[in-house]
Each structure stands twice: as structure tokens, then as C-alpha cells.
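Okay, so here's the structure we're looking at.
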Amino acid sequence: MRLFGHELSTSWVLLIIVVAYWVFSGIGAWWLRRRQAAERRRHPREAAAQKAIPHPSTPRSKEEREDRRLDNIQVRARAWKRWNETPRDASDEARIVTVASLWGSPQKSAPFPKRFHASQLGKATLGQDLYDEMLGTPMDVDDPVQILSPRTWADLCLDVWALHSRSGQRPRLMRVWLNEQRALVEIHRGKTVTVDDILPDEVVGFVRGFTRLGPRKGHVDGLRWLSRGSVSIGSRPLWRTYKRLTELGAVAPEGSPLGDALRAADFHVLAITCMRYDSAWTENSAELRVLDAGGMTYQVGHAYRKESGADRWQPPSGDALAGEWEPPSGPPLVPGMWDEAGAAREGQETGESDVSEAEDRTGVLVDLAGGGAESEAAVLDEGDGTADRARSELPDGACAPVALTDLPVVPIDPKAVLWAVEKMIEM
């Protein structure tokens with residue numbers, strides 16, 4: 001490279017680039033500070049109100065985060081023991097959007113769908129790199145790889161994430177692309193993807209085989225709530241689920257069926273989502289999370305189905321908890337659920353030390369049963385589906401959640417889970 005008639009070596013060129021970068025960065029930071037100061041002078045009341053907002057302090061050292069995480073686990077262990085001493089009643093369905101309220105429920109005498117296994121699929125296998133290239137090619141590009149992409153012909157995409165504790169700590173994925181005439185199933189295994197065509201009416205059977213759902217004859221446990229990060233959903237479903245549940249199982253009450261299963265790491269966790277072509281494969285149209293352990297199946301968190309129109313379901317008022325509330329005719333929908341930022345906000349509540357991931361900005365535990373709160377207002381400001389609910393609308397006493405962001409846990413028939421999948425993929 002020549003500059004002013006002089007030949008410059010590569011090292012000099014790199015030095016000039018680095019110096020120029022730092023100079024312009026400094027100028028940009030200085031200009032930004034001056035602009036912010038001018039804004040504060042122009043709107044002094046807004047600046048003063050912003051400073052008055054309480055920002056709860058978060059632990060900075062690794063030891064403090066570990067102490068908070070252990071304290072959180074102990075608080076949940078005491079709450080679990082309290083829940084076990086309280087029989088379940090009709091208030092269970094009043095605090096959660098159930099599968100039955102969205103998609104109905106199958107008849108009790110109806111049989112389970114026929115089970116299909118991944119071993120019955122063909123042996124066509126793609127490398128993960130080729131698979132990502134196939135899905136990453138823009139849809140308007142006339143490319144041989146893009147022609148193979150199921151995004152060009154599918155109307156629905158069903159993702160079934162399954163964490164089988166005895167098969168490893170990472171969740172596995174079964175993805176199904178389908179329309180009215182065709183269905184393509186994918187089993188993701190590490191760096192390879194097994195692909196095969198199936199019939200559209202076989203989808204539910206493959207979901208049953210992949211999730212290992214079947215008749216359950218265990219005893220219902222008293223667990224009412226789980227922390228939001230325990231069964232996460234979003235860009236990384238079931239992230240850290242194994243760690244969270246095994247830690248909780250270590251302090252679970254003795255004799256609890258679900259606690260014994262978590263302590264022995266014998267559980268299945270499912271996250272089922274569905275996307276449609278209309279949303280350009282970017283927005284879930286339905287969501288469901290399930291915990292299968294201790295001889296029973298539990299719905300974790302609200303079921304979700306995207307609906308349009310003004311006649312939408314809203315969280316029940318205090319009358320519901322008193323047994324005087326009846327659900328409206330409209331389909332349930334809880335606004336603001338399961339956004340990616342909200343799904344990760346639970347991380348810091350338990351004191352995780354990995355700051356590279358999006359985590360809870362508050363780190364606040366609210367012991368509603370005991371009445372103690374570090375900063376309840378900070379949690380109420382979060383968009384997690386409880387922010388618009390009055391304090392009196394949440395369960396009190398023995399059945400109260402530990403934190404306002406907790407996910408309700410309610411028993412569910414495994415047959416109803418497969419029924420919900422069948423309804424999700426209806427065209």
C-alpha cells in the first residue's frame with residue numbers, strides 16, 4: 001500500500017486502522033454523552049423520575065450468586081413441603097390456561113394413537129451443515145438446494161423437544177413439516193439429521209413414540225409451581241432444564257413421588273411448539289410444556305394458541321379462586337407469554353453465573369406465602385403474564401408461588417397432550 005508516495009508495510013497499515021478505530025470510537029462516545037446530557041437538561045422531570053425508579057442490586061461475585069441460588073432452592077423446597085400438605089382443588093384450573101380450554105379433550109374411552117418409532121424411518125441422513133444451508137437459503141432464490149427445502153411446500157412446522165434424563169442432558173428434537181398431502185419428519189442427532197417422508201395421519205403416532213407418552217397410573221404430587229427457567233421455551237427450549245430439576249430434586253420432600261423421580265433423574269420433559277407458513281416460520285402459533293415423572297404427567301405453564309379478534313381469554317379475577325368464576329366462550333390467551341427475553345429472565349433468580357446469556361434483570365425472589373419481598377414492584381413490571389394482574393388475583397396461603405414469574409404445574413392426561421398435538425396440526 002502506498003501513502004503520500006511512500007510504500008507502507010502490512011504492520012503499518014494495521015496500526016493505522018487500529019488507531020483510527022479508537023479515535024472514532026472516542027469521538028462517538030463523547031458525542032453520545034453530550035447528547036444524553038442535553039436530553040436531561042431538556043427534560044429534567046423525566047430524568048428525575050427515571051433516577052427515582054428502584055433498581056434492585058444484583059450479586060456480582062460468583063460466591064454471592066451461588067449463595068442466592070442455594071437460598072432459592074431451599075425456599076422452593078420448603079414451599080413444596082407446604083404444597084404437599086394442601087390437597088388439590090378446583091383452583092388448579094383457575095390459575096392456568098389448560099389444554100382442555102384451548103383444544104378440548106378426548107373421550108375417556110378413546111384409545112391412545114398408534115405408536116411409531118424412529119427406527120421405522122428410512123436411513124436418509126444429512127449433515128447438519130447441509131441441513132442449515134438448505135433452510136438458510138432465501139426462499140426467493142432459484143437454487144437447487146432451496147428446492148429441497150421443506151419451507152417451500154409446507155404449511156405447518158411442528159417442533160417436539162424432548163429431554164429424556166437417562167439419555168443425556170441435552171434435549172433432542174423431532175421436527176415435522178407437513179401440508180394436507182405430505183409430511184416430512186426429521187430426527188436431529190448431534191451433527192446429523194435423519195429425514196424421511198411419512199403420511200400426515202402418522203404424525204401423532206411418531207410424536208407419541210418420540211415422547212414416550214402412554215397410560216400413567218401414579219399418584220398426583222403436590223408440586224404447584226416451578227421456576228420459569230426450569231422449563232424454558234424460546235430460541236433454546238429446555239435449556240438448563242436438567243440442571244434445574246435435579247437440583248430441585250435433591251432437596252425435594254421425602255416420600256414425594258415427583259421428588260423421588262427428580263432425585264433419581266428419572267423424568268421426561270417436553271416442549272411442543274407449532275409454526276405456520278403465514279408467519280414466515282418466525283412466530284409460534286401454539287405452545288405446550290409437559291413434565292412426565294413419578295408415574296404422572298403434568299402441564300407446566302400456560303398452554304398457548306395464537307388467536308385473533310377482541311374476544312380473548314383473560315387471566316381469571318379473584319372470583320375464580322373463590323369458585324364463582326366461569327370461563328368465557330372465547331379461546332384462552334395470555335398476552336406477552338414466552339417471549340425470548342422473558343424466557344431467560346428467570347436465570348438470575350437462581351443466581352446463574354453465566355453472564356453471556358440473557359438473564360433475569362431483577363434477581364428478585366418474592367415469597368408470597370410469607371409476605372416477604374425484596375422488591376415486588378420490580379417483578380410486577382416484568383412482561384411475564386402476571387404484570388397486569390393485581391396482587392389479590394394470585395393464590396394466597398399454602399398454594400402461593402415462590403416468585404411471581406413461576407410456572408403453574410397441573411396434572412394432565414397424557415392422552416390430552418397427544419390430542420392437543422393433533423389439534424395443533426389441523427389445517
Side-chain angles (χ1 to χ4, degrees), residues 1-43 46-47 50-51 53 55 57-66 125-152 157 159 169-171 173 175 186 188-193 195 229 232 234-237 239-240 243 275 279-283 339-348 351-363:
M1 179 179 177
R2 298 184 64 85
L3 183 65
F4 301 114
H6 298 279
E7 187 70 27
L8 298 179
S9 63
T10 304
S11 58
W12 276 103
V13 172
L14 294 176
L15 179 61
I16 292 173
I17 292 174
V18 171
V19 171
Y21 170 78
W22 285 110
V23 169
F24 284 108
S25 298
I27 294 174
W30 170 80
W31 176 82
L32 182 60
R33 287 195 298 269
R34 284 183 56 88
R35 182 177 179 182
Q36 292 175 345
E39 288 291 334
R40 287 194 293 268
R41 290 193 297 268
R42 191 177 298 114
H43 306 287
E46 295 181 5
Q50 189 70 20
K51 288 183 179 180
I53 297 177
H55 297 284
S57 59
T58 57
R60 296 185 178 182
S61 68
K62 184 176 180 180
E63 291 76 13
E64 290 176 338
R65 288 194 295 268
E66 183 67 16
T125 302
L126 298 176
Q128 188 67 43
D129 295 339
L130 178 58
Y131 177 81
D132 293 338
E133 179 185 355
M134 179 180 67
L135 292 187
T137 307
M139 298 184 66
D140 56 350
V141 174
D142 187 12
D143 184 270
V145 175
Q146 174 58 33
I147 296 175
L148 300 175
S149 174
R151 298 193 307 168
T152 59
C157 177
D159 281 359
Q169 300 183 17
R170 290 188 177 183
L173 170 63
R175 175 170 291 164
E186 304 169 354
H188 292 245
R189 296 185 178 93
K191 297 183 179 181
T192 61
V193 182
V195 183
S232 59
S235 60
R236 288 180 292 185
W239 181 251
R240 289 180 174 168
K243 178 182 178 182
M275 292 184 292
S279 67
W281 313 115
T282 59
E283 181 182 3
D339 54 290
E340 185 174 343
R345 275 196 293 265
E346 189 71 12
Q348 194 141 337
E352 293 294 346
S353 60
D354 189 358
V355 296
S356 64
E357 300 169 14
E359 293 184 342
D360 183 11
R361 295 188 299 274
T362 63

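Only this structure's heavy atoms are used, side chains among them; waters, hydrogens and symmetry mates stay out.
- Note: R35 CZ to W30 CH2 = 13.5 Å, rounded to the nearest 0.5 Å.
- R175 places none of its side-chain heavy atoms less than 4.5 Å from the side chain of P150.
- Every residue two or more places apart in sequence or in another chain was checked for a side chain to side chain donor-acceptor pair (under 3.5 Å) with T282, and none qualifies.
- Counting all heavy atoms, side chain and backbone alike, P171 lies closest to P237 at CG-O, 3.7 Å.
- The two residues W239 and S232 have their closest heavy-atom pair at N-OG, 3.0 Å.
- For the pair E283 and M275, the tightest heavy-atom approach, listed with the atom from each and the gap, is O-CG, 3.6 Å.
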